[in-house]
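Accompanying notes for the structure given below.
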Amino acid sequence: MSPSSAPAPSRAFVSLIGAGPGDPGLLTLRGQQALQAADVVLFDYLANPELLRHCPQAETIYVGKKGFSEYISQAQINALVVAKAQEGGGKRVARLKGGDVFVFGRGSEEAEACVGAGVPFEVVPGVTSAIAAPAYAGIPVTHREVARSFAVLTGNTKEGGAHYERLSGVDTLVLLMGVRNLDQIAADLVAAGRDPQTPAATVQWGTTPQQRVVTGTLATIAGVVREAGLEAPAVTVVGEVVRLQSTLRWFEPASAVADPLTGKTVAVTRTREGASALSGVLRARGAQVLEVPLIRFASAPDLSPVAAALHDFGGWLLLSSNQAVRALFAFLEDRGLDARALAGLKLAAVGPSTARSLAERGLKADFVPSTPGARHLAAELPALSGERTLHLTSQLAEDELERGLMARGIPYARAELYRTEPAPLDPGTLARLRQADVVTLASGSAARHLATLAGTDFRVVAMGPQTADAARAAGFTHVTVAREASLEALAEAAERVVRGE
Ligand code: SAH
């Protein structure tokens with residue numbers, strides 16, 4: 001192929017994405033795709049940080065007002081969204097907002113900022129907590145017999161009375177941002193003509209393992225909520241539909257008695273890309289999982305060696321990670337090219353996940369080894385003798401592939417396509433990390449990165465004795481070791497830590 005140097009058109013684009021109410025399964029497929037394509041992700045307090053596992057490639061910025069800064073204003077967020085989109089040759093920004101984008105999320109203001117700056121954008125609606133939190137509590141917002149209309153309102157306004165009178169014909173009321181003022185709101189609703197005996201329920205952290213539900217009547221709900229200690233984020237539902245809760249209850253948040261990890265936060269540190277299977281195992285045991293990427297990817301500072309290596313290349317292209325595939329396509333796109341530029345090459349993927357990344361871009365890997373890994377790729381690659389191979393990889397590539405191929409007499413060349421570098425932790429993630437009950441370490445490099453980025457004041461569990469040694473050497477003192485190198489054993493070790501063993 002011969003890469004041209006035509007300037008690429010600006011990539012600047014903003015996806016305003018509804019992250020759903022908390023359960024990471026409630027992100028839409030469009031939302032997931034937009035995250036996968038993002039260069040930068042700006043996320044909120046209410047957007048479950050677990051969703052960031054869909055975008056290990058992206059720079060992530062926490063812009064939630066809670067736990068970060070009370071002072072980051074909406075105007076600053078709007079400006080940041082636009083500035084990030086316009087950075088460099090233009091970036092794809094994913095703006096992840098809790099629930100739905102336009103339900104009290106100020107998403108419309110961010111869209112207006114895009115319009116004002118001439119940045120193209122899309123809106124990916126999300127599952128709003130206004131409907132999902134009641135639904136997970138067994139409360140339908142409408143029902144043919146008891147409620148034919150519902151309204152979603154904010155408890156934040158000072159309007160009170162008159163506003164509630166206008167809602168008098170609406171059957172179900174769903175109140176967001178109203179826990180603090182619940183006394184006043186309930187009194188105003190009664191003053192506006194609602195029956196004090198109307199059933200009411202408050203759902204805190206709906207759709208998550210921490211979900212809590214209390215019920216009462218309009219007259220009692222504020223007291224019940226206070227006694228139970230429920231705080232934001234919570235929605236309150238007022239209306240006859242609340243009665244259905246006793247019949248329709250279906251979601252059981254993991255019970256604290258059965259499972260020691262319930263309600264505990266386990267931080268899973270990652271020094272590799274990809275969704276973490278460990279998170280799934282921990283979540284199944286009731287833990288709230290905070291995925292902490294300790295590395296990030298950047299473009300190689302000088303891509304001319306890649307362009308030179310690809311020029312007139314006709315052998316095997318070796319791709320040993322999803323990131324290599326992603327970076328390869330970014331490289332092509334920057335040069336105004338697409339997959340057709342790879343037409344004369346043979347593609348080898350290190351494993352099925354990398355092969356899938358190719359498939360998502362319309363390319364079928366010509367070869368995938370029977371067992372994923374550089375060693376197997378080197379041993380099994382069906383290269384004819386003298387056929388050239390080109391490994392597009394990061395500066396950290398290990399020699400295994402090279403050694404294996406050279407031993408077979410197959411010429412090997414390497415070009416640095418991307419860089420792997422320590423990811424600075426944004427203040428939001430750092431604040432959440434400090435509150436985690438346990439931090440998992442799957443490798444020595446995870447231990448060293450974590451010590452550098454966030455210090456050693458954590459209770460950590462290590463995947464095996466070597467990782468544990470590396471953790472102690474890095475300065476961690478509370479180190480628990482999994483009994484064997486498996487995800488289940490690691491989760492079990494995390495349970496021992498929270499039980500104080
Ligand atoms: N755009 C969001 C709402 C943002 S306003 C949406 O569509 O859901 C923030 C309020 O949403 C919180 O104060 C709380 O009332 C509600 N909320 C968000 N997530 C929630 C959850 N998981 N459980 C209960 N209430 C939630």
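When a ligand or atom number is given, it counts from 1 through the structure's own listing order.
Numbered from 1 in the order shown, with element, the atoms of ligand 1 that lie under 4.0 Å from a heavy atom of L46 read 9 (C), 18 (C). Heavy-atom proximity to F104, at under 4.0 Å, picks out these atoms of ligand 1: 4 (C), 5 (S). Ligand-side atoms of ligand 1 in range of L176: 3 (C), 11 (O), 15 (O), 16 (C), range being under 4.0 angstrom from any heavy atom. Every atom of ligand 1 with a heavy atom of V203 under 4.0 Å away is listed here by number and element: 24 (C).
At a 3.5 angstrom cut-off on N or O pairs, T128 counts as close to ligand 1.
Protein heavy atom closest to atom 22 (N) of ligand 1, with residue, atom name and distance, is P21 O, 2.8 Å. Atom 10 (C) of ligand 1 has M177 CG, 3.6 Å as its closest protein atom, hydrogens excluded (heavy atom only). With hydrogens left out, the protein atom closest to atom 3 (C) of ligand 1 is V103 O, 3.4 Å, a heavy atom. The nearest protein atom to atom 2 (C) of ligand 1, hydrogens excluded, is given as G98 O, 3.2 Å; this is a heavy-atom distance.
The shortest distance between side-chain heavy atoms of T480 and V461 falls below 4.5 Å. Looking only at side-chain heavy atoms (C-beta outward), L182 and T202 come within less than 4.5 Å of each other. Using a 4.5 Å heavy-atom cutoff, the side chains of V498 and V266 are not in contact.
Residue contacts with ligand 1: T207 is excluded, as none of its non-hydrogen atoms falls under 4.0 Å. Assignment of S129 to the shell around ligand 1 is supported, since a heavy atom sits closer than 4.0 Å. At least one heavy atom of A234 sits closer than 4.0 Å to an atom of ligand 1.
With Q204 contributing its side chain and E231 its backbone, the two residues share a donor-acceptor pair below 3.5 Å.
In plain terms, the two heavy atoms of D44 and R432 that are nearest each other are O-NH2, 4.4 Å. Closest approach of L453 and A423 over heavy atoms only: CD1-O, 3.3 Å.
Residue nearest to atom 23 (N) of ligand 1, selected from A133, G206, G105: G206 (by heavy-atom distance).
When each of V203, T236, V141 is tested with V174 by the rule side chain to side chain contact (heavy atoms under 4.5 Å, CB included), just one qualifies, namely V141.
Ring geometry for Y418 versus F297: interplanar angle over 60°, hence perpendicular rather than tilted (30 to 60°).
Residue Y136 holds its OH atom at 15.5 Å from CZ of R249, rounded to the nearest 0.5 Å.
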